There are 2 protein chains.
Amino acid sequence: MFAKVLVAEDMEDINKGVYATLRELGITEIDQVQYCDDALLRIKRAAYDGSPFELLITDLSFVADHRTQKLSSGESLVQELKQSYPELKIIVYSIDNRLQKVRSLINESCVNAYVCKGRRGLRDLSDAIFMVYNNKRYVSQEVQNALRSNSTLEVDDYEIELLKHLSKGLSQDEISELFKTNNISPSSLSSIEKRLNKLRIQFNANNAIQLVAMMKDVGLI
Amino acid sequence: MFAKVLVAEDMEDINKGVYATLRELGITEIDQVQYCDDALLRIKRAAYDGSPFELLITDLSFVADHRTQKLSSGESLVQELKQSYPELKIIVYSIDNRLQKVRSLINESCVNAYVCKGRRGLRDLSDAIFMVYNNKRYVSQEVQNALRSNSTLEVDDYEIELLKHLSKGLSQDEISELFKTNNISPSSLSSIEKRLNKLRIQFNANNAIQLVAMMKDVGLI
DNA sequence: GTGCGCTTTACGGAAAACCATAATGAGTGT
DNA sequence: ACACTCATTATGGTTTTCCGTAAAGCGCAC
């Protein structure tokens, strides 16, 4: 079993649950951090000292507080780590069940497991640790679909970006200008209209207001 | 200190954290449930047996799964309990920081404490338990504002109604017609425009989309 | 009654969103 | 080179929202 594990999770109670689970698995050397930057530092330091971590268990969302952070989310942490320390195993442990996000983490960032927090969270996590230790991949039942078919009912990052700007009060025209200056494509007003129209149809929304309201409900923005 | 406590929380790892905290406070009789309905049943049963719970610590959101539930959220559980068992102390322990929701829980449902999950979650919870035990109220720093009467309080029922219809995709014209047939005054398109304009100024929103998004964030609609 | 303050309603123009359709362009396969 | 598909961009017209201003309605004091 793994000997040295790092847990990155901003909520201390979840940290406790994970900690207890790791102990039950017989893992003795467990470090915990509440900030992404700390996780990176700790891993760097351990590698430098010649006793690197073998496994990282990390959340995705870390709420911002007074401390200013370079890495603001688990995603950026994972990206950074998988580049610098490809041999480090990573398990993402998050409440986020948006398929698109999981897919990109698995396929692009190459995390070793994705476990959904929830009623079965810790049991799944336990399974995941076993699997990852045996060089297998693990994905919670809730988001298994993310690996299979590309269900079209998904919302990609571009669209989320678009909806976020909308919800912040920008007009479609202003968003178009913004995308042009930031070299985000497509950027024409026409394309933005078209994309929003697609989303409205997709989610049976009458107008942009309802669309944004629905996305808020789902927690997508 | 409390002797008999029930914890309602669907995530088992958080349950572990809360459990550990309660143990540290010297509380020995701790029951845990993962469904709202179970919480209600357990409390009823304990009261019937003559050894009622003294404190309930509950989450707000319980994700639905295969088990069909009568009570779907912590809110409904709290409402039900505060009616039937007014002497039961209730602490809400949730990640939800929408002020309006907190306000209604504190003022209408009369919960004894509202603790935000987060980095300081368990420490705050510990404080809250002490305070509640001494018949004081406790509210996490993050949502202290919810108790002070401030801007969000100045939205009346008519405006909430209006915003809700907006968020459901009705046009201002349609809302006007709806209000006319339902004898809700004012109902003219002009008045609706004016009211929305007032709200936009009040909340510094650029347009109706942003306004609805902000109201969603605050939990007003 | 008249005057005053406030709310509701009405109207018109500008801006933005909505909608259909057409043109352009990039990539693919033959 | 050609046809074909698909995404992006462009264009014009209709509806809705946004915004200012003005008129009508109403309670109230004098």
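Since the model is a prediction, treat every value here as computed from it, not as a measurement. Scope of the values below: all heavy atoms of this structure, side chains included, with no hydrogens, waters or symmetry mates. Note on naming: letters A, B, ... go to the chains in the order of the sequence lines (proteins, then strands), and numbering restarts at 1 for each one.
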Determine, stepwise, if the pair A:Asp65 / B:Arg120 fulfils salt bridge (Lys or Arg N to Asp or Glu O under 4.0 Å). CA-CA 11 Å; A:Asp65 62 3; B:Arg120 296 189 37 84; over 6 Å; no

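Look at B:Arg195 and you'll find a side-chain N or O under 4.0 angstrom from OP1 or OP2 of C:dT8. At least one side-chain nitrogen or oxygen of B:Ser188 sits closer than 4.0 Å to the OP1 or OP2 atom of C:dT9.
Between B:Phe62 and B:Tyr35, the distance separating the two ring centers is not shorter than 6.0 angstrom.
When the options B:Asp37, B:Asp10, B:Asp38 are evaluated for a salt bridge (Lys or Arg N to Asp or Glu O under 4.0 Å) with B:Arg67, the one that passes is B:Asp38.
Between B:Ile192 atom CD1 and C:dT7 atom P there is a gap of 17 Å when expressed in whole angstrom units. The distance from atom CG of B:Leu211 to atom P of D:dT17 is 13 Å, rounded to the nearest whole Å. For B:Glu177 and D:dT16, the CD to P distance is 11 Å, given to the nearest whole Å. For the pair A:Glu159 CD and D:dA7 P, the interatomic distance rounds to 12 Å; values are reported in whole Å. Here D:dT16 presents its P atom at 13 Å from CD1 of B:Ile175, a figure rounded to the nearest Å. Remark: C1' of C:dC6 and NZ of B:Lys198 are 14 Å apart, rounded to the nearest angstrom.
No hydrogens or angles considered: nothing links the side chains of A:Asn206 and B:Lys168 as a donor-acceptor pair under 3.5 Å.
We find the CD-CD1 distance between A:Glu193 and A:Ile175 to be 11.5 Å, quoted to the nearest 0.5 Å.
Residue A:Ser185 is out of contact with every strand shown, counting any heavy-atom pair closer than 4.0 Å.
Between the side chain of B:Gln144 and the main chain of B:Val139, a donor-acceptor pair closer than 3.5 Å is present.
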What's touching nucleotides 17-23 of chain C from the protein side, N or O pairs under 3.5 Å?
residue : atom : partner  : partner atom : Å
C:dA17  : OP1  : A:Gln172 : N            : 3.3
C:dA17  : OP2  : A:Gln172 : N            : 3.1
C:dC18  : OP1  : A:Ala208 : N            : 3.1
C:dC18  : OP2  : A:Gln172 : NE2          : 3.1
C:dC18  : N4   : A:Glu193 : OE2          : 3.3
C:dC19  : OP2  : A:Arg200 : NH2          : 2.8
C:dC19  : N4   : A:Glu193 : OE1          : 2.9

